[in-house]
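Working notes for the structure below.
As a basis for the values below, the full set of heavy atoms in this structure was taken, side chains included, without hydrogen atoms, waters or symmetry mates. Proteins get letters first, then strands, A, B, ... in listed order; numbering begins at 1 in each.
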Amino acid sequence: MTGVPLVEVEDLRIDLDDGSRRVAAAEGISFRIDRGETFGLVGESGCGKSITALALIGLLRPPLSIGGGVIRFDGKEIQHLSAAGQRELRGNRIAMIFQEPMTALNPVSPVGRQIAEMFVLHKGKSWREANQLAVESLASVRVPAPERRVNDYPHQLSGGMRQRVMIAIALACGPDLLIADEPTTALDVTVQAEIIELMRNLCAERGTAILMISHDLGLVANVCRRVAVMYAGRIVEERGSADIFRAPSHPYTQGLVASLPRLGSRAALGRTRLKEIAGVVPAITGFPDGCRFNPRCAQATDICRTVAPHTDVLEAGGFVRCYHHA
Amino acid sequence: MKLRANLVIGGSLFALAIIVGLLAPWLAHTDPVMDANLMNAEEPPSWTWWFGTDGQGRDIYSRVLYGARVSLTVGIVSQLINSVIGVALGLSAGYFGGWWDDVVNALTNLMLAIPSLIFALAIMAVLGPGLTSLLIALGLTNWSFTCRLARASALSLRNQGYVQAATVLGYGDLRIMITQLLPNMLGPIVVIGTLGMGSAVLSEAALSFLGLGVRPPFPSWGSMLSEARDQITTAPWLSLFPGLAIFLTVLGLNLLGDGLRDILDPHSRSRRT
Ligand SMILES: Nc1ncnc2c1ncn2[C@@H]1O[C@H](COP(=O)(O)OP(=O)(O)OP(=O)(O)O)[C@@H](O)[C@H]1O
Ligand code: SF4
Ligand SMILES: [Mg+2]
């Protein structure tokens, strides 16, 4: 393999046009994902995780648009790729699975057909071959009796089974990158763990990189080698998962880590309430000047309220966007 | 159960009409055109002449059987043309939106503003009478309801998770419309199509009655009614049987459409439970 990273995002800005003016829904987004790497994007609801993923696969639609920056996939800039060029990437080299396994499958089409369609669409297979491959795909996501299951309609499957089918569809063409946007929030906890495990194993076997998106830092840190924390449209800290837990740098990340129930302190869980970060996430149209976290930050000083901080590279690797970081 | 009765009676009537049309050469007693015999003119219904005979001594029973061919061909084919046009326009308009949607909407409103029979009449006047003209005239003038329905369905379906998922998976627009949208709106489209077939049968009768349909002497139910006009008091069976055939076929199609709606339309299904 070459030394070119699989995904390189540089200074990406995503504009939201609300009719009268443009506001940056996300800005200064930079990150890199190597081949086969697992990378996590964490943050509260509305901080811009999903739109970042959509920008990556060329699916921002008005009122959202790319306002600046560069997205490189496998060394090639893709932010201005033609519609046809983007379709070639989507599903084939970049796949995505969603939050809602209940609605992401076509209700009137057997699941096997929906998997097979990927081989027909992207690999030019005949339907005969594709149907055969669909059975194999279903077997690879550990769906029992795949040769019978291919004929099932989505409503005949449980939520966990549907999510397995979604994974089979996403991985059918052997993509280089799998984007998983809150892939398990709709499932119960045990099924959730199974699905994550399955996804991680399959991607590791095939060398597929994962971009995992979630509001759950614990979950993401568990799966991913590196994690970026987003707050109000900016990445505020990016570190190795272990580091971010051991020594979070940014005050927001510190708050997030402190609010996590820790393994080993389970006994304490019942008695003391978890620490929460005080205050609310600012609305997209009312981002505060300077550091966007300043209204909620205990360490905020005057400069925090006027000029947005740049990123500081940390000695231990990673970066943080804060004047007074740890 | 009422809903099954719709479906069974409607389906049977429609199936009967189709079978009669298909098997006409075997079921008919005489040739519908050639076997004119003035010796038997205007016989009332009897054991020999089940539906009676007309002024030229032709067997009405045989002519009604053959007439089914024209009526059903026109009904089915012209409605298929309408459905294809309506779905193609409505589905793409709802899916793409924008200027194309505006164009299709304007076209649909125009079609809705002009009564379709008048429009068909105008087309027939240009093309001249005959089966092909009938198919064209009726096939081009009755797609607006299908179009509206397809557009509305596409508008709501395009926001469904699986349609967005398909986009993410690299499906092209055409593939999304055909594999994701069309199958999910087919139920109501079929219902409208069935009802439309009924009205096409009626329109065929109307146009043929006006002498714009299939050219005599080949029978269609409408042209038979037209020919029977003058003898309605002296030989009422001439109008009765083709009229009854039209009535039963249209009734059957409407019942069938109703029954299909009960089982295919998710809204009426949820209302039932
Ligand atoms: N289609 C849209 N039109 C207008 N605003 C949008 C649109 N999509 C997203 N936004 C706005 O962009 C911001 C980022 O949204 P995004 O969906 O990326 O959040 P998220 O981090 O994925 O949140 P969640 O955890 O709830 O999924 C939000 O403020 C949202 O209101
Ligand atoms: S820059 Fe200032 S306000 Fe922002 S997180 Fe750091 S200390 Fe807090
Ligand atoms: Mg999201």
Side-chain angles (χ1 to χ4, degrees), chain A residues 50 53-54 56-62 83-111 113-123 153-155 162-163 165-166 168-173 175 177-181 186, chain B residues 83 87 91-102 149-150 152-193 260-261 263-270 272-273:
Chain A
S50 296
L54 289 178
L56 213 60
I57 54 175
L59 280 180
L60 285 181
R61 293 287 176 263
Q86 280 175 338
R87 265 205 309 280
E88 250 167 64
L89 287 181
R90 284 204 291 271
N92 191 20
R93 300 197 61 195
I94 306 179
M96 185 161 174
I97 52 179
F98 297 94
Q99 199 164 344
E100 283 294 330
M102 300 303 151
T103 57
L105 292 167
N106 187 346
V108 299
S109 178
V111 293
R113 197 190 156 84
Q114 299 188 50
I115 302 172
E117 187 121 26
M118 297 301 290
F119 295 109
V120 174
L121 174 59
H122 291 297
K123 301 294 182 199
Y153 288 87
H155 72 264
R162 280 189 237 195
Q163 195 58 300
V165 172
M166 287 304 303
I169 293 175
L171 295 181
C173 296
L177 175 68
L178 175 67
I179 301 175
D181 192 350
Chain B
S83 294
V87 167
L91 177 50
S92 58
Y95 178 72
F96 288 116
W99 66 268
W100 175 238
D101 191 26
D102 295 339
L149 184 67
S153 309
L155 270 179
S156 75
L157 288 175
R158 73 174 180 184
N159 294 320
Q160 291 288 317
Y162 53 88
V163 176
Q164 286 167 354
T167 314
V168 168
L169 293 169
Y171 283 45
D173 293 323
L174 191 63
R175 190 179 286 266
I176 289 180
M177 287 191 273
I178 291 172
T179 66
Q180 312 294 102
L181 298 183
L182 184 57
N184 284 289
M185 62 170 70
L186 213 51
I189 299 282
V190 168
V191 172
I192 293 271
L260 287 175
R261 176 165 50 211
I263 49 172
L264 292 178
D265 181 5
H267 299 299
S268 72
R269 186 160 41 198
S270 59
R272 267 207 329 274
T273 50

Top contributor to chain B interface from A95(A), G91(A), A84(A) [non-hydrogen pairs under 4.5 Å]: G91(A)
Step through the atoms of chain B and chain A and list each donor-acceptor pair whose separation is under 3.5 Å.
from, atom 1, to, atom 2, distance (Å)
Y162(B), N, T103(A), O, 2.9
T167(B), O, R90(A), NE, 2.9
L169(B), O, H122(A), NE2, 2.8
R175(B), NH1, E117(A), OE2, 2.6
T179(B), O, N106(A), ND2, 2.9
Q180(B), OE1, N106(A), ND2, 3.4
N184(B), ND2, N106(A), OD1, 2.9

Atom pair CG (L169(B)) and CD1 (I94(A)), whose distance is rounded to the nearest 0.5 Å: 12.5 Å
Which portion of M96(A) sits near chain B, non-hydrogen atoms under 4.5 angstrom: both
Atom group of L121(A) that falls short of 4.5 Å from chain B, counting heavy atoms: both
side-chain contact (heavy atoms from CB on, under 4.5 Å) involving A165(B) - partner list, sequence neighbours excluded: F98(A), A104(A)
